[in-house]
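Please read the structure below before turning to the comments.
Just so it is clear, the values below take in all heavy atoms, side chains as well, and ignore hydrogens, waters and symmetry mates. Residue numbering restarts at 1 for every chain, and letters A, B, ... go by the order of the sequence lines.
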Protein chains: 2
Amino acid sequence: MNKSDILEKFGEKIKEYRKQKGFSQEQLAEKANLHRTYIGMIERAEKNITLLNIEKIANALDVKITDLINQQ
Amino acid sequence: MNKSDILEKFGEKIKEYRKQKGFSQEQLAEKANLHRTYIGMIERAEKNITLLNIEKIANALDVKITDLINQQ
DNA sequence: TTATAAACTACATACTATAATTAGCATATT
DNA sequence: AATATGCTAATTATAGTATGTAGTTTATAA
């Protein structure tokens, strides 16, 4: 995976909201029912996340999916 | 893959915008640099699409990603 | 201050599940 | 007829899971 702009922005948003809520990667992973290291990979834009997992993370962070995707 | 709500809504949106622009699945596939049958699978919610392909399709349809994801 | 322990994160694998690509044929629509 | 879509199935690429280790940060004790 070579990092793309959209994945990097997405990762930054996850990290931003996660910190804002005071969660560790591990805590977020548990809430989203995903693995700890996977959350790290997403934040570092190392994985091309699928829509179902985007939904899981958005729910865990209690934000809308559209909040995680910045455009224009 | 058992179909989920979010994937079904996403597929419907793709189809809706595609028709609105007067594209066939094949034409959209070509614009997005994806395969014809894959577009069909997405519209039928048979695949859990990744963020990079969501971006490709949004660009091909000339809409924002957030236009393809309806929430509340 | 210094050191040291604890929690957190980065990163390197390796493995498993499944997304993505493709071809072929059937059915539908015009 | 021609064009478009549905659907099966098989293969390849990669997303997702997991373990272990090293480095970082943060709090607390000395």
Step by step, work out the salt bridge (Lys or Arg N to Asp or Glu O under 4.0 Å) result for A:Arg18 and A:Glu43. CA-CA 10 Å; A:Arg18 176 175 65 80; A:Glu43 288 188 355; 2.6 Å; yes
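- Counting non-hydrogen atoms of other residues, nucleotides and ligands closer than 6.0 Å to CD of B:Gln27 gives a total above 12.
- Atom CD of B:Glu26 is separated from atom C1' of D:dT5 by 10 Å (rounded to the nearest Å).
- Contact annotation: B:Gln25 side-chain N/O to D:dG6 OP1/OP2 distance is under 4.0 Å.
- When the side-chain nitrogen and oxygen atoms of A:Tyr38 are compared with OP1 and OP2 of D:dT17, none of them lie within a distance under 4.0 Å.
- A donor-acceptor contact shorter than 3.5 Å links the side chain of A:Lys21 to the backbone of A:Leu61.
- A close approach under 4.0 Å does occur between a side-chain nitrogen or oxygen of A:Asn53 and OP1 or OP2 of D:dG16.
- When the P atom of D:dT14 is taken as reference, atom CD1 of B:Ile49 falls 16 Å away, rounded to whole Å.
- One interatomic measurement links the two molecules: CD1 of A:Ile42 to P of D:dG16, which rounds to 6 Å at whole-angstrom precision.
- For A:Thr37 against D:dA18, a side-chain N or O and a base N or O form a donor-acceptor pair under 3.5 Å.
- Between the C1' atom of C:dT21 and the CG atom of B:Leu52 lies a distance of 16 Å, rounded to the nearest Å.
- Here the C1' atom of nucleotide C:dC8 and the NZ atom of A:Lys15 are 11 Å apart, to the nearest Å.
- For the OP1/OP2 pair of D:dT14 and a distance below 4.0 Å, the side-chain nitrogens and oxygens of B:Thr50 include no atom meeting the criterion.
- Considering only side-chain atoms of A:Lys47, the nucleotide from D:dG16, C:dC11, D:dT5 that sits closest is D:dG16.
- B:Phe23 approaches B:Leu28 most closely through the heavy-atom pair CB-N, 4.3 Å.
- Rounded to whole Å, atom C1' of C:dA19 lies 14 Å from atom CG of B:Leu51.
- Figure legend: cation-pi geometry between B:Lys47 and B:Tyr38 absent, as NZ or CZ is not positioned both under 6.0 Å from the six-membered ring centre and within 45° of its axis.
- The same atom, P, is picked in D:dT17 and in C:dA20; the two are 15 Å apart, to the nearest Å.
- Note on A:Arg18: a side-chain N or O is less than 4.0 Å away from OP1 or OP2 of C:dT9.
- In this structure, A:Ile39 places its CD1 atom 21 Å from P of C:dA7, rounding to the nearest Å.
- Separating the CE atom of B:Met41 from the C1' atom of D:dG6 is a distance of 10 Å, rounded to the nearest angstrom.
- Contact check, B:Arg36 against D:dT5: no side-chain N or O comes under 4.0 Å of OP1 or OP2.
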